[in-house]
Amino acid sequence: NIPSILIILAIMLTMGLVDDKGKIPRSMRFIIQIFISIISIYMIGGLSFHPILFFIAIIFMTYFINAYNFMDGIDLMITAQSLFYLTVLLALLSISSPWLLSIQIMISVLLVFTIFNYHPAKLFLGNAGSYFLGTYISILMIGLHLISEVSIFTSLILVTASVADTAYVIIRRFFDKSIGLYRENKSLISILNISVQHVFSVAHRTHNYQKLALKYKNHMKAVILIMAYNILWCLPLAIMSTINTSYGVLCLFLSYTPYIVWCYKNKTGIEES
């Protein structure tokens, strides 16, 4: 299935390039991403999922692609996160894994890209690169879970920063906007419509990593802090969840909770002057 997945990645790359050059309507982007998610999950054996799990996998993959795009806001952030996840997988996978070669190639490419993406960056991922990486890694996460090589809980622990940061921002911005509109006595339909548009259409710099970059006035300090969290906290929990899979949910909870507290303390999702 690898050649087929390359076609899917090429489609996402092309969509990102078009979006970088011009502007694809938000609804059209979501439709393409959902369609790609359905095809991708089907091709890697997703029909073995229960229909409800198949639906959840589609939602997750679409969310993850966009989360990766949202996290690509400072130099080296998403590149470092991807290298961390893929490098840990190398240690966890067997030498006979069908995904091993693609992971090695991707790590090689990202290491070279890092030279040019290091602050101050000469090259940027843009929508093309972030959609490509987000699609590849989400396919990888689901694919490895399906063949029982790496649990989805272990993968989610390793990408805590990307998933938790984006989720916290979306929820916080949605509720803050909704409360403001409610006080203006707007109708429920208007509140939902305007709040959703506010979350996905209005540009902002309120992610936790962006708050850190602004606080320290340095992209690299923000990247180092989040990578330290990955290595010192998420990695041991991921290893624990691999050694004893029955602790997967608990390790996932322990991985996300401190990061969410960190987001709260940094006023993530809140616009500040």
Is it true that R26 and S201 share a donor-acceptor pair across their side chains at a distance under 3.5 Å? yes
For residues N208 and D165, is any side-chain donor paired with an opposing acceptor at under 3.5 Å? no
Between S187 and S190: side-chain donor-acceptor atoms closer than 3.5 Å: yes
For T268 and N266, run side-chain hydrogen bond (donor to acceptor under 3.5 Å, both in side chains): C-alpha distance rounded to whole Å, both residues' side-chain angles, the deciding distance at 0.1 Å, then the answer. CA-CA 5 Å; T268 298; N266 282 341; 5.3 Å; no
F49 versus L146: any side-chain heavy-atom pair under 4.5 Å? yes
Distance only, no hydrogens: is a donor on one side chain within 3.5 Å (strictly under) of an acceptor on the other, for S151 and T245? no
Output yes when a side-chain donor or acceptor of D20 lies under 3.5 Å from a complementary backbone atom of A128, and no otherwise. yes
If you apply the rule side-chain hydrogen bond (donor to acceptor under 3.5 Å, both in side chains), what do you find for S102 with Y136, and how did you get there? CA-CA 10 Å; S102 73; Y136 171 73; 2.9 Å; yes
Could you walk me through whether Y256 and V163 pass side-chain contact (heavy atoms from CB on, under 4.5 Å), step by step? CA-CA 9 Å; Y256 279 63; V163 176; 3.5 Å; yes
Answer yes when E271 and R173 have at least one side-chain N-carboxylate O distance shorter than 4.0 Å, and no when they do not. yes
Angle class for the H204/H207 ring planes (parallel below 30°, perpendicular above 60°, tilted otherwise)? parallel
Just by distance, do the side chain of H119 and the backbone of A121 share a donor-acceptor pair under 3.5 Å? no
Any luck finding a side-chain donor-acceptor pair between S97 and E149 under 3.5 Å? yes
How about CG on L47, more than 12 heavy atoms from neighbouring residues, nucleotides or ligands closer than 6.0 Å, or not? yes
